[in-house]
Every structure is written in C-alpha cells, then in structure tokens.
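Structure below; questions to follow.
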Amino acid sequence: MLQGGSADSKEDGGPQFAEVFVIIWFGAVVITLNSKLLGGTISFFQSLCVLGYCVLPLTVAMLVCRLVLLAGSGTVSFIIRLIVVIAMFAWSTLASTAFLADSQPPHRKALVVYPIFLFYFVISWMILTFTPQ
C-alpha cells in the first residue's frame, strides 16, 4: 500500500517496498533482541509474531488513508487521516505492549515499551505523510 505506483506505471515501486520492508523487519528484530537482552521470557519468534500481527491496525489505517486521499487532499482530509492514524497507532502499541511488557521483569517494562512506541510511531508517520504521486 505504501508503494503508491499504479500497475501501468513505468516505475515498479521497488525502492519504496524495500524501504518499508527493511524498516519493519529491522525494527521488529531490534525490539525482539532488546526484549531478550532485558531478560524477557518470551521466545524470539513469539516476539516477532506479536510485533507482526500488531501491525494490522496500521495496515487498516493505511487503507482508510488511501480511500480518504482518493476523495481529496485538503485540511479536512488531513484531520481525518490524523485521527485514524493516531487511533490505530494507539491500538498497535497497546496490543503489542500487553504481550511483550508482561514477559519482562517489573523494573524493566519501560525499557521494552519505549522501543515499541518508536517502532509503531515511525510506521504511523510513514502512513500519515504518504501522498500518492
């Protein structure tokens, strides 16, 4: 969805796809390693799965934002997209921290929640600032 190219476009959208794929993959691996190094009891692949499944609300936000952008791009459009992205960002962050923070020692939960917040914030920012060309 973040590629933005059409099927008949001469550009294949390769760099955009690679950029999004690497950001999500690298972010999920870094958060998982952080969780494991802080003494988390959840396994590496369980953590990756939780982070991957919790991207779903942001994917829904991207779909809604694309539909809103089809209707027009003005101040009202931006406000609608902002509200949708904030709601889905909160959903993703709360869902993933519910799983990952509970697997941590009590005094280290904030050290796990902060990178999760940053990870979903970057993805949300990419969705909010996306404009089709």
Side-chain angles (χ1 to χ4, degrees):
M1 289 302 299
L2 285 173
Q3 281 185 354
S6 61
D8 58 350
S9 175
K10 292 183 180 183
E11 295 181 19
D12 62 354
Q16 294 88 358
F17 175 77
E19 178 181 305
V20 172
F21 183 81
V22 167
I23 286 173
I24 291 176
W25 179 83
F26 186 72
V29 168
V30 167
I31 291 170
T32 300
L33 287 175
N34 181 48
S35 175
K36 292 302 291 176
L37 291 174
L38 289 172
T41 58
I42 193 169
S43 77
F44 184 82
F45 292 111
Q46 286 174 328
S47 178
L48 284 178
C49 287
V50 165
L51 292 168
Y53 283 123
C54 290
V55 170
L56 179 65
L58 291 173
T59 305
V60 172
M62 184 65 208
L63 291 170
V64 171
C65 288
R66 288 294 297 260
L67 291 174
V68 170
L69 282 173
L70 288 175
S73 59
T75 305
V76 174
S77 170
F78 179 77
I79 292 171
I80 292 170
R81 291 185 301 135
L82 179 65
I83 291 169
V84 168
V85 169
I86 288 173
M88 297 303 177
F89 163 74
W91 185 1
S92 293
T93 304
L94 290 174
S96 62
T97 55
F99 288 107
L100 295 178
D102 286 342
S103 71
Q104 298 297 318
H107 61 283
R108 293 187 176 170
K109 288 187 181 192
L111 294 173
V112 174
V113 172
Y114 182 67
I116 294 170
F117 174 85
L118 288 177
F119 174 63
Y120 289 123
F121 180 79
V122 168
I123 297 170
S124 299
W125 187 257
M126 288 170 49
I127 291 169
L128 186 61
T129 60
F130 172 77
T131 54
Q133 299 171 358

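What you see is a predicted model; the values in this text were computed from it and never measured. Below, all heavy atoms of this structure are taken into account, side chains as well, without hydrogens, waters or symmetry copies.
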Nonpolar side-chain network containing Leu70, other nodes, edges under 4.5 Å: Leu67
Give the other cluster members for Leu37, using side-chain heavy-atom distances under 4.5 Å between Ile, Leu, Val, Met, Phe, Trp and Tyr residues; answer none if it is isolated. none
I'd like to know whether Trp125 forms a side-chain contact (heavy atoms from CB on, under 4.5 Å) with Val122, so could you lay out the CA-CA distance, the side-chain angles of the two residues, the decisive distance to 0.1 Å, and finally the verdict. CA-CA 5 Å; Trp125 187 257; Val122 168; 5.7 Å; no
Distance col, row Leu69:CG vs Met62:CE, nearest 0.5 angstrom, shows 7.5 Å
side-chain contact (heavy atoms from CB on, under 4.5 Å) against Leu33, all qualifying residues, sequence neighbours excluded: Val29, Phe44
Given a cutoff of under 4.5 Å between side-chain heavy atoms of I, L, V, M, F, W and Y, with clusters grown through shared members, what are the other residues clustered with Ile79? Ile83
Donor-acceptor pair, distance only, cut-off 3.5 Å: does the side chain of Ser77 make one with the backbone of Gly72? yes
Minimum heavy-atom distance between Leu94 and Thr97, given as atom pair plus value: O-OG1, 3.2 Å
Under the ring pair (Phe, Tyr, Trp, His ring centres under 6.0 Å) rule, what pairs show up with a residue in residues 53-88, not counting sequence neighbours? none
Identify the heavy atoms of Ser35 and Ile42 that sit nearest to each other, and give their distance. OG-CG2, 4.1 Å
List the residues meeting side-chain contact (heavy atoms from CB on, under 4.5 Å) with Ile86, not counting sequence neighbours, and say none if there are none. Leu82
Contacts of Ser47 that satisfy side-chain hydrogen bond (donor to acceptor under 3.5 Å, both in side chains) - sequence neighbours left out: Thr32
What pairs with Ser92 under side-chain contact (heavy atoms from CB on, under 4.5 Å), at least two apart in sequence or on another chain? Pro57, Leu58, Tyr120
Quick one: does Phe130's side chain get under 4.5 Å of Arg66's, heavy atoms only? yes
Exercise: identify the closest heavy-atom pair between Asn34 and Pro115: ND2-CG, 3.4 Å
Applying the 4.5 Å side-chain criterion to the ILVMFWY set and letting contacts propagate, would Leu38 and Leu118 be lumped into a single cluster? yes
Residue pair Ile127, Val84: steps toward the side-chain contact (heavy atoms from CB on, under 4.5 Å) verdict: CA-CA 10 Å; Ile127 291 169; Val84 168; over 6 Å; no
Set of ring pair (Phe, Tyr, Trp, His ring centres under 6.0 Å) partners for Phe89, sequence neighbours left out: Phe117
Could you check whether any side-chain heavy atom of Glu19 comes within less than 4.5 Å of a side-chain heavy atom of Ile23, counting everything from C-beta outward? yes
Checking Thr41 now: which residues fulfil side-chain contact (heavy atoms from CB on, under 4.5 Å) with it, not counting sequence neighbours? Ser103
Which residue pairs pass the salt bridge (Lys or Arg N to Asp or Glu O under 4.0 Å) test with at least one member in residues 96-108, sequence neighbours excluded? Asp102-Lys109
At their closest point, which heavy atom of Gln104 faces which heavy atom of Gly39, and how far apart are they? OE1-C, 4.1 Å
Are the side chains of Val85 and Cys65 in contact, using a 4.5 Å heavy-atom criterion? yes
Listed by chain and number, what are the salt bridge (charged side-chain N to carboxylate O under 4.0 Å, His left out) partners of Lys36, not counting sequence neighbours? none
Distance (rounded to the nearest 0.5 Å) between Ile116 CD1 and Leu51 CG: 6.0 Å
